[in-house]
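What's counted below: heavy atoms across the whole structure, side chains too, no hydrogens, waters or symmetry copies.
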Amino acid sequence: MRSSPRVGRLMRRAAEIAAQRGLNERGYRLVWNFGPDTKQRITHPHLHLLGGTLLREELA
């Protein structure tokens, strides 16, 4: 994926939201989904912010 200002803004905003929700102390993950295996009706990249719970080993 080519770097773009939009990607940088999304990453910074995700970090801001994580901080607002108190996720910085224990950590959080950012997961990008894009492509046909995501089963989207309209294919587009999108970002998930995961935190607040210990991830199971099979997801790590």
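Follow the hydrophobic side-chain contacts under 4.5 Å out from Y28 and you reach I17 in the same cluster. Using a 4.5 Å cut-off between side-chain heavy atoms of Ile, Leu, Val, Met, Phe, Trp and Tyr, with links allowed through other members, L30 and W32 fall into the same hydrophobic cluster.
The environment of CD in E25 is sparse: at most 12 heavy-atom neighbours from other residues, nucleotides or ligands sit within 6.0 Å.
Counting all heavy atoms, side chain and backbone alike, G35 lies closest to T43 at N-CG2, 3.9 Å. Summarising the geometry of F34 relative to P45, their closest heavy-atom pair is CB-CA, 3.6 Å, with the distance given to 0.1 Å.
The distance from atom CZ of R13 to atom CG of L47, rounded to the nearest 0.5 Å, is 12.0 Å. Note: L23 CG to L49 CG = 6.0 Å, rounded to the nearest 0.5 Å.
The residue from H48, Q40, H44, K39 that alone fulfils the side-chain hydrogen bond (donor to acceptor under 3.5 Å, both in side chains) condition with N33 is H48.
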